[in-house]
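The structure appears right after this line, and notes come after that.
In listed order, ligands and their atoms are each counted from 1. Every heavy atom of this structure was used, including side-chain atoms; hydrogens, water molecules and symmetry mates were not.
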Amino acid sequence: MLRHKKQLIYLLGFMGVGKTTIGVLLAERLRWPFIDLDRTIEAGQGTNIRQIFEHAGEPFFREIEHAALLEASRTEPAVIALGGGTFVQPRNFQYIQENGGATIWLDCPLDELRRRCEVKNDRPLFRDAISFAQLFEQRLPFYRRADFRVSTEGQRPEDVVENILRLQVI
Ligand code: S3P
């Protein structure tokens, strides 16, 4: 691997963009392990993300999210799907920059993301269309700091994976 000192691919982007779906397929193609940060947090806490937010609050969630990121990044090679807010937290961004690995922003227009998220009830930060849009706008500058941007708009997950593989990030 030339560009990045670690065989790690971090998938990032807003909630509903398909980080998990695409991560599973990408890891299969690469024959690498796949780690979903939210799922490891849930397994570690024995409950779901919504409950963690409700009972312990977002600051606690961000603490365990950071710890989960450090733990997950010890597996190499690996495809790691971050949560929608992981890359936005300065210490997580700094850690990934220093530790190495490729960061790929999965991008998608707001309307499509909203349509995907409003049919589910598992995202504590999806409250209403206005705050969803505000959060999206706030986060764009952080997502833009990823090494690569891949659009998922109107695309099948398999096609997104092909586009990622074409980037030759590894
Ligand atoms: C969050 C997104 C969620 C999850 C948590 C916080 C966020 O992950 O980590 O609810 O801050 O945007 P997904 O992006 O996988 O939904």
For this session: State, yes or no, whether a side-chain contact exists between Glu158 and Glu162 at a heavy-atom distance under 4.5 Å.
Result: no
Exercise. What atoms in ligand 1 come closer than 4.0 Å to a heavy atom of Pro124?
Worked result: 10 (O)
Problem set entry | Element-labelled atoms of ligand 1 that are located less than 4.0 Å from some non-hydrogen atom of Phe61 | 5 (C), 9 (O)
Seminar exercise, completed: CD1 of Ile80 to OG1 of Thr75, rounded to nearest 0.5 Å, is 7.0 Å
For this session: Could you pull out the closest heavy-atom pair between Glu65 and Ile41, with the gap in Å?
Result: CA-CD1, 3.7 Å
For this session: Have a look at Ala81, Cys117, Gly84, Gly18 and point out the one with the heavy atom closest to atom 1 (C) of ligand 1.
Result: Gly84
Problem set entry | Per-atom contacts of ligand 1 with Ile49, taking only distances under 4.0 Å to non-hydrogen atoms | 5 (C), 10 (O)
Exercise. Under 4.5 Å between any side-chain heavy atoms of Tyr143 and Asp107, yes or no?
Worked result: no
For this session: Would you check whether Arg62 reaches within less than 4.0 Å of ligand 1, judged by its heavy atoms?
Result: yes
Problem set entry | Atoms in ligand 1 with a heavy atom of Gly83 nearer than 4.0 Å | 8 (O), 9 (O), 14 (O)
Exercise. Which ligand 1 atoms does Arg139 reach within 4.0 Å, using its non-hydrogen atoms?
Worked result: 7 (C), 11 (O), 12 (O)
Exercise. Are the side chains of Leu82 and Asn92 in touch, meaning some heavy atoms are under 4.5 Å apart?
Worked result: no
For this session: Check the pair Phe142, Phe87 against ring pair (Phe, Tyr, Trp, His ring centres under 6.0 Å), reporting the backbone distance first and the verdict last.
Result: CA-CA 7 Å; Phe142 296 93; Phe87 201 62; 8.7 Å; no
Exercise. Which ligand 1 atoms are under 4.0 Å away from a heavy-atom of Asp38?
Worked result: 3 (C), 4 (C), 8 (O), 9 (O), 13 (P), 15 (O)
Exercise. Which atoms of ligand 1 sit under 4.0 Å from any heavy atom of Arg123?
Worked result: 16 (O)
Exercise. What atoms in ligand 1 come closer than 4.0 Å to a heavy atom of Lys19?
Worked result: 13 (P), 14 (O), 15 (O)
Problem set entry | Atom of Ser73, atom of Leu8 and distance for their closest heavy-atom approach | O-CD1, 3.7 Å
